[in-house]
Trainee: 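Handing you a structure now.
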Amino acid sequence: MQYIDFLVKNKATGSLNSFANKNKLSKSGLMNILLEMKEIGFPIKYSRQYNSYYYEEDGAMVKCLFMRDGQRLSKDEMRNINTADLKNLCFSNITIFEICEKK
């Protein structure tokens with residue numbers, strides 16, 4: 001999945017057939033992975049003009065897609081939290097925490 005992300009981010013996938021070959025997958029196998037990635041929020045699109053898949057929004061794949069129950073943030077991760085946002089964090093079923101929407 002990291003290699004798929006790398007190729008999409010760099011718009012270096014080529015056609016579906018080429019993209020599947022680069023990942024040593026069948027076309028249907030790759031399509032299943034792309035559909036799963038879309039379902040979990042990856043904004044993947046295909047450009048006929050550039051003959052490549054790409055992300056329609058800027059962003060990055062996170063290091064860990066699976067977090068064990070009770071897993072804690074490291075000291076470095078805690079330092080990167082903006083303390084001004086702490087009062088506005090809400091639990092989300094999609095992400096661990098997200099900024100609460102003002103109602």
Side-chain angles (χ1 to χ4, degrees):
M1 200 164 155
Q2 289 176 330
Y3 187 57
I4 290 171
D5 172 67
F6 173 80
L7 291 173
V8 171
K9 190 179 293 184
N10 290 288
K11 299 178 182 116
T13 66
S15 67
L16 180 61
N17 193 45
S18 173
F19 194 13
N21 287 337
K22 288 177 184 181
N23 286 280
K24 296 181 179 28
L25 296 167
S26 66
K27 290 192 299 186
S28 61
L30 177 62
M31 281 305 300
N32 288 335
I33 292 171
L34 293 175
L35 288 173
E36 287 180 25
M37 289 175 75
K38 286 180 180 184
E39 286 176 9
I40 61 173
F42 287 77
I44 299 171
K45 296 286 183 183
Y46 182 76
S47 169
R48 289 183 183 171
Q49 180 180 0
Y50 298 109
N51 190 34
S52 184
Y53 288 85
Y54 67 98
Y55 290 131
E56 69 176 338
E57 297 175 37
D58 290 335
M61 187 169 137
V62 293
K63 288 183 188 178
C64 180
L65 294 177
F66 181 83
M67 184 175 279
R68 289 175 177 75
D69 287 346
Q71 184 174 346
R72 298 179 186 192
L73 295 176
S74 70
K75 288 181 182 178
D76 289 334
E77 291 170 321
M78 290 175 68
R79 281 187 202 105
N80 290 329
I81 295 174
N82 184 346
T83 54
D85 291 331
L86 289 178
K87 295 177 191 169
N88 298 323
L89 292 178
C90 291
F91 178 75
S92 166
N93 290 333
I94 298 170
T95 59
I96 307 252
F97 289 104
E98 62 185 18
I99 303 296
C100 297
E101 292 181 22
K102 304 272 183 187
K103 291 184 182 181

Trainee: Does L35 share a hydrophobic cluster with Y53, counting links as ILVMFWY side-chain heavy atoms below 4.5 Å and allowing steps through other members?
Mentor: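 The answer is no; the residues belong to distinct hydrophobic clusters.
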Trainee: Can you hop from L34 to F6 via hydrophobic side chains spaced under 4.5 Å?
Mentor: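 Linked, L34 and F6 end up in one cluster.
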Trainee: Can you pull the side chain to side chain donor-acceptor pair (under 3.5 Å) pairs that have at least one residue in residues 11-21, sequence neighbours excluded?
Mentor: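 Sorted result for residues 11-21: T13-S52.
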Trainee: Identify the two heavy atoms, one from Y3 and one from K22, that lie closest to each other, and give their separation to 0.1 Å.
Mentor: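 In terms of heavy atoms, the two residues are closest at CE2-O, 3.6 Å.
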Trainee: Tell me, do Y54 and N10 make a side-chain contact under 4.5 Å, heavy atoms counted?
Mentor: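 No, every pair of side-chain atoms sits at 4.5 Å or beyond.
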Trainee: Indicate yes or no: at least one non-hydrogen side-chain atom of F19 is less than 4.5 angstrom from one of L25.
Mentor: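 Contact flag for F19/L25 side chains = no.
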Trainee: Could you tell me whether the side chain of F42 reaches within less than 4.5 Å of the side chain of M1, counting heavy atoms only?
Mentor: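 SC-SC contact between M1 and F42 confirmed.
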Trainee: Less than 4.5 Å apart, any side-chain heavy atom of N51 and any of Y46?
Mentor: yes
Trainee: Do I33 and N23 touch side chain to side chain, with heavy atoms closer than 4.5 Å?
Mentor: no
Trainee: Give me the atom names and distance for the closest heavy-atom approach of K38 to I44.
Mentor: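 Minimum heavy-atom separation between K38 and I44: CE-O, 3.2 Å.
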Trainee: Strictly by modelled atom types, are D5 and Y55 linked by a side-chain donor-acceptor pair under 3.5 Å?
Mentor: yes
